[in-house]
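Presented below is the structure to which this report refers.
Chain letters run A, B, ... following the sequence lines, proteins first and then strands; every chain starts at 1. Just so you know, these numbers use all the heavy atoms, side chains as well, and skip hydrogens, waters and symmetry mates.
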2 protein chains.
Amino acid sequence: MATIYEVSKLAGVSLATVSRVLNKNTPVKEETRLKVLAAMEQLGYQPNSVAQSLASNRSNSIGIVVPELNGPFFGTLLSDIENQFRQAGKHVIIAAGHSDEKLEQESISFLQSRNCDALILHVEAVSDDYLVELMQKKVRFVLINRFVAPLYDRCITLNNQHGGYLATRHILEHGHTHIGYISGPMWKHDADQRYKGHVRALTEFGIEPSEQLVYEGDYHESSGAAGAQVLLQSNPSITALVCANDEMAAGAMTAAREAGRTLPDDLSIMGFDNVNFSHYTFPKLTTIDYPVGGMGEMAAQLILKCVYQQSVDTIQTVFEPRLVERDSIKNV
Amino acid sequence: MATIYEVSKLAGVSLATVSRVLNKNTPVKEETRLKVLAAMEQLGYQPNSVAQSLASNRSNSIGIVVPELNGPFFGTLLSDIENQFRQAGKHVIIAAGHSDEKLEQESISFLQSRNCDALILHVEAVSDDYLVELMQKKVRFVLINRFVAPLYDRCITLNNQHGGYLATRHILEHGHTHIGYISGPMWKHDADQRYKGHVRALTEFGIEPSEQLVYEGDYHESSGAAGAQVLLQSNPSITALVCANDEMAAGAMTAAREAGRTLPDDLSIMGFDNVNFSHYTFPKLTTIDYPVGGMGEMAAQLILKCVYQQSVDTIQTVFEPRLVERDSIKNV
DNA sequence: TAGTATGATGTAAGCGCTTTCATTTGTAAC
DNA sequence: GTTACAAATGAAAGCGCTTACATCATACTA
């Protein structure tokens, strides 16, 4: 592999000049520039990004922590983030946090030791204090799907409560009054907010929220199935089930059918997230769209702006969910 | 951030000694080792991986090119690869090739410029010759889901033909004789092989393969729907549909229902891949399991062995598909 | 006791770049 | 032809580490 030194020799200029045409940060006479470019071409020169990083103290890499790498939700997120950065000549390093405090912290320090210029964090188990400390240590990062007040300007969030509200309101508008709710783990902020939205909608329609009608799941398919089974058995009068995400909704569909219900006629089911498989279910799932893609892009933009000083379009930090009507909801 | 220099000063030893306790590659007296470790602890020392890379000419990073970052298939692949490397203290840099020759090449040289120690490639558009050239340039890489003869020892493949055979044989064993086939893009090696397996099974059962019964899709859901629509309309006697992947099978289900068929009674549907949403469909999809996870792990192992000289369990390069019976196939 | 092998540690030269500061060159004003 | 100033370029010092080689202490052999 040719180095900058060989290029400089061939072009008859100094190292510094080659570096300058590379970085375009200092004017170089057009004539010399062309000589240098020709030399690079001839040698098939490729800058060594590791040496660049060491010398400039910038790695042009962004670390990302997400709970899981697989799963429809994070795939989309990663894909959109990668896209943005790729266009800017940056690259992403990805680590999985598995919703575990220790693993999340490990992932973060792993990425820091990799000299990432910035981090994008979708973390759930780590405390707010830990994140605030991180900021105080001058670590540059953006938070996705989490709001921490002292970090308000680096949080990209979804209005989860409004999403939960929209979901249940839609069901109520179809005349349902006996509505089961399968929540996510309540210690997760988004699960809590979605549930709050659900309660708000019920209240607005004059229905008393009841603990009997709530099952706390873990966002996985199997807990959706378990939840549906439990709720339908103990409350046979239920005509609709609101699930805090699509995976659990899919599980609930299976369990509901096994409990003898015909979908959607005997039971309406609502999802949340609008992940890419949600129209593979039968009946096709009515759900709340979570604009993951947009949020990922926005996180990338925020970093491009704050860390790399690039000018970007307006920054938006709060995103709004949207109802996606398909076939899983029927009038009661 | 503390450097190795400060650690050496505090511990009262030389730079080299600190480096040695860090790398564990040269014996250091236990007593000194402890002194050094204590100094590191006290300073909160974290090695600078960029400097390490530059000095050692190893970046401890592995580049991965996949067609897409989202999608159930690649999510699983990435997840398993990341896991393996993470445990070994390596990290992965991911790029999307989008099944496009130019983009795939760009991704590869992007990762090379990032000084990856090795690459894992799931590429489809780039030519065999290009890959052979890459090998000749001493680029270290492993190929997933692709066989190129001169690179035989670095290809991790699935026996796609056998998978295609298993799929169709299973349908035939259920008494079907009018079987439609929705293939992937025939220029892709796996699509071609799966189809060959299909034909082999038909022949074995004494059925003449007919072009009328084949629709060439693109592996996406929509083409599965289109394929089902076309085939069922032009060949109403079809009682089973074999799809070259699960996405298209999901699309086919929707279209079949729209064409008035009841599933699985009026029409049996077979998938391929066993992606994670395949049991969200209704009826749950019978399919061919593609052991992505295992293959990703194996690719990682191969690199750990050849590039990082770690001893690993046996290396397996050809994987076998396996039938997964669910509910989408009925006797005719 | 001298001689030699062995293990532990130190010295210093890079790895391939960026960047500060100094120098040279070119241009315009006098 | 000088002088003054700006633009272009060069020289060289790092960035934080690894590693070949040199050195030194220690233990063992004869």
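With DNA chain C read from its 5' end, the first of the two nearest nucleotides for B:Val13 and A:Val18 is the one closest to B:Val13.
Taking all atoms of both residues into account, the shortest heavy-atom contact from A:Val50 to B:Ser53 is CG1-CB, 3.6 Å. A pairwise comparison of heavy atoms in A:Leu151 and A:Met135 identifies CD2-SD, 3.2 Å as the closest pair.
Close to D:dC17, at under 4.0 Å from its OP1 or OP2, lies no side-chain N or O of B:Ser19. At the phosphate of D:dT18, neither OP1 nor OP2 sits under 4.0 Å from any side-chain N or O atom of B:Asn57. Here B:Ser14 reaches the OP1 or OP2 of C:dG10: one of its side-chain N or O atoms lies under 4.0 Å away.
Proximity of B:Asn48 to B:Thr3: side-chain heavy atoms (C-beta onward) are nowhere separated by under 4.5 Å.
Note: CG (A:Asn60) to P (D:dC15) measures 20 Å, nearest angstrom. With rounding to whole Å, B:Ile4 atom CD1 is found 6 Å from D:dC17 atom C1'. Across the protein-nucleic acid pair, B:Gln46 atom CD and D:dC15 atom P stand 19 Å apart, rounded to whole Å. Taking atom CZ of residue A:Arg20 and atom P of nucleotide D:dA7, one finds them 14 Å apart after rounding to whole Å. The distance between atom CG of B:Leu22 and atom C1' of D:dT18, rounded to the nearest whole Å, is 10 Å. When the P atom of D:dG14 is taken as reference, atom CG of A:Leu15 falls 16 Å away, rounded to whole Å. The nearest whole Å value for the distance from the CG atom in A:Asn23 to the C1' atom in C:dG16 is 13 Å. Rounded to an integer number of Å, the gap from B:Tyr5 OH to C:dG10 P is 13 Å.
Here the nucleotide nearest the side chain of B:Ala16, chosen from D:dC15, D:dT19, D:dG10, is D:dT19. Checking C:dC17, D:dT9, D:dT18 against every side-chain atom of A:Gln52, the shortest atom distance belongs to C:dC17.
Heavy-atom contacts from other residues, nucleotides or ligands closer than 6.0 Å to CG of A:Asn57 number 12 or fewer. No more than 12 heavy atoms of other residues, nucleotides or ligands shown are found within 6.0 angstrom of CD on A:Glu31.
The residue B:Val50 sits apart from the nucleic acid: no heavy atom pair falls under 4.0 Å. Within 4.0 Å of A:Asn48, counting heavy atoms only, lie sugar-phosphate atoms of the nucleic acid but no base atom.
A salt bridge does not link B:Glu6 to B:Lys9: none of the charged side-chain nitrogens sits closer than 4.0 Å to a carboxylate oxygen.
Applying a 4.0 Å cut-off to non-hydrogen atoms, the residues of residues 27-45 of chain B that approach DNA chain D are B:Tyr45, listed by residue number.
A cation-pi arrangement is absent between A:Lys188 and A:Tyr219 under the rule of less than 6.0 angstrom and at most 45 degrees off the ring axis.
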